[in-house]
K.L.:
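So that we are looking at the same thing, I have put the structure below in structure tokens.
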Amino acid sequence: MVRSGAKCHRFHQRESGCESVKGEYKHSIDAKGRLAMPAKLRDALGERFTVTKGRDGCLYAYPEREWEAFERQLKSLGGSETARRTQRYYMAKAMDVELDAQGRILIRADLREFAGLRKDVTVVGMMDRAEIWDSERWIAYNDQCDEAELEDIDF
């Protein structure tokens, strides 16, 4: 997430640009659906950010600037049926959240149900966003990951 010449809203500055969202953090969600966001991710995400359905059974949490860029990408898809389906997938369930005084966000019941969030939650930094996973689902997902698949990616 390098932004030469751009101002990094709510991100730490460093020589190469903005600090990326990274790391894996174990937390719990309470009965009311409140999730304490990891302190190390709060600076990267900001006090206000957007949560929506993600892929692979998790939720995505985008900092404001990254959400705006994501919306522009969705708009650029055009008006085909596939584009409309993609736009609806992400936009229909999107919600703006704000950290409370304890650094928590409230996740709506429909999004908690989609991601299977019960009690134990893993928050994963993914460069331009965070992913919010049910911890058991995260473990199962990683157990399926094969290092041989990673070798097929040339970078």
Side-chain angles (χ1 to χ4, degrees), residues 1-77 83-145:
M1 183 164 59
V2 176
R3 295 190 203 295
S4 59
K7 193 172 189 178
C8 300
H9 180 66
R10 300 188 198 275
F11 282 77
H12 292 295
Q13 289 278 10
R14 64 178 183 193
E15 282 184 33
S16 62
C18 298
E19 182 177 337
S20 66
V21 183
K22 58 185 171 275
E24 178 180 300
Y25 308 90
K26 307 288 186 194
H27 282 267
S28 60
I29 195 165
D30 69 17
K32 294 180 181 180
R34 294 176 298 194
L35 171 64
M37 292 303 290
K40 289 187 178 184
L41 292 185
R42 289 183 208 156
D43 286 336
L45 290 171
E47 289 185 29
R48 297 174 49 122
F49 51 94
T50 301
V51 175
T52 192
K53 289 168 49 176
R55 294 189 181 179
D56 304 314
C58 70
L59 301 178
Y60 290 165
Y62 283 95
E64 288 178 323
R65 176 179 286 263
E66 296 300 333
W67 178 254
E68 291 166 4
F70 185 63
E71 276 188 340
R72 285 191 298 276
Q73 285 181 313
L74 289 174
K75 286 178 187 175
S76 74
L77 295 176
R84 291 189 314 273
R85 285 179 192 262
T86 302
Q87 291 162 342
R88 289 179 188 126
Y89 179 85
Y90 292 108
M91 295 302 296
K93 299 294 183 179
M95 65 180 289
D96 294 326
V97 298
E98 189 168 348
L99 294 171
D100 68 11
Q102 288 78 38
R104 301 174 301 189
I105 59 168
L106 177 62
I107 301 174
R108 278 193 329 250
D110 60 330
L111 288 174
R112 291 193 316 264
E113 184 177 329
F114 167 80
L117 303 179
R118 292 170 192 82
K119 181 174 173 49
D120 296 323
V121 174
T122 302
V123 182
V124 180
M126 288 293 294
M127 296 166 283
D128 64 343
R129 67 175 185 266
E131 294 181 347
I132 302 169
W133 290 80
D134 172 77
S135 290
E136 288 181 20
R137 190 177 279 187
W138 172 247
I139 291 167
Y141 178 80
N142 279 304
D143 285 347
Q144 294 175 2
C145 185

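We number each residue from 1, following the sequence as shown. Since the structure is predicted, the reported quantities are computational estimates derived from the model, not experimental observations.
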K.L.:
Check the surroundings of atom CD in Gln102: do more than 12 heavy atoms from other residues, nucleotides or ligands lie under 6.0 Å from it?
P.N.:
yes
K.L.:
Does a side-chain heavy-atom distance below 4.5 Å link Val21 with Asp128?
P.N.:
no
K.L.:
Do Arg118 and Asp134 make a side-chain contact, defined as non-hydrogen atoms from C-beta onward lying under 4.5 Å apart?
P.N.:
yes
K.L.:
Are Leu99 and Arg104 packed together at the side-chain level, in the sense that at least one heavy-atom pair is separated by less than 4.5 angstrom?
P.N.:
no
K.L.:
Using side-chain heavy atoms (C-beta onward) and a distance below 4.5 Å, is Leu35 in contact with His27?
P.N.:
yes
K.L.:
Assess whether a salt bridge exists between Lys22 and Glu24, defined as any Lys/Arg side-chain N lying under 4.0 Å from an Asp/Glu carboxylate O.
P.N.:
no
K.L.:
Taking side chain as C-beta onward, heavy atoms only, is Arg48 less than 4.5 Å from Val97?
P.N.:
no
K.L.:
Sub-3.5 Å donor-acceptor pair from the side chain of Arg137 to the main-chain atoms of Ala115, do we have one?
P.N.:
yes
K.L.:
Do Phe49 and Trp67 have ring centres separated by under 6.0 Å?
P.N.:
no
K.L.:
Quick one: CG on Leu77 to CD on Gln87, what's the gap to the nearest 0.5 Å?
P.N.:
5.5 Å
K.L.:
Between Tyr60 and Phe70, does the ring centroid distance fall short of 6.0 Å?
P.N.:
no
K.L.:
Side chains of Asp56 and Trp133, heavy atoms from C-beta outward: is any pair under 4.5 Å?
P.N.:
yes
K.L.:
Any chance CD of Glu98 has more than 12 other-residue heavy atoms, nucleotides or ligands included, within less than 6.0 Å?
P.N.:
yes
K.L.:
From Arg108 CZ over to Leu59 CG, what is the distance, rounded to the nearest 0.5 angstrom?
P.N.:
10.0 Å
K.L.:
With rounding to the nearest 0.5 Å, note down the distance linking CG in Asp100 to CD in Glu47.
P.N.:
11.0 Å
K.L.:
Check step by step if side chain to side chain contact (heavy atoms under 4.5 Å, CB included) holds for Met37 and Leu45.
P.N.:
CA-CA 10 Å; Met37 292 303 290; Leu45 290 171; 3.5 Å; yes
K.L.:
Which class fits the ring pair Phe114 and Tyr89: parallel under 30°, tilted 30 to 60°, perpendicular over 60°?
P.N.:
perpendicular
K.L.:
Evaluate Asp110 against Lys93 for side chain to side chain contact (heavy atoms under 4.5 Å, CB included), listing each step before the verdict.
P.N.:
CA-CA 8 Å; Asp110 60 330; Lys93 299 294 183 179; 3.2 Å; yes
K.L.:
In terms of side-chain geometry, is the basic nitrogen of Asp30 or Lys32 positioned less than 4.0 Å from the acidic oxygen of its partner?
P.N.:
no
K.L.:
Pairing donors with acceptors under 3.5 angstrom, does anything connect the side chains of Thr122 and Lys26?
P.N.:
yes
K.L.:
Could you tell me which residues satisfy side chain to side chain donor-acceptor pair (under 3.5 Å) with Thr52, sequence neighbours excluded, listed by chain and number?
P.N.:
none
K.L.:
First locate atom OG1 of Thr50, then atom CD of Glu68, and finally report the distance between them rounded to the nearest 0.5 Å.
P.N.:
8.5 Å
K.L.:
To the nearest 0.5 Å, how far apart are NZ in Lys53 and SG in Cys58?
P.N.:
12.0 Å
K.L.:
Would you kindly say whether Ser28 and Asp120 are connected by a side-chain donor-acceptor distance under 3.5 Å?
P.N.:
no
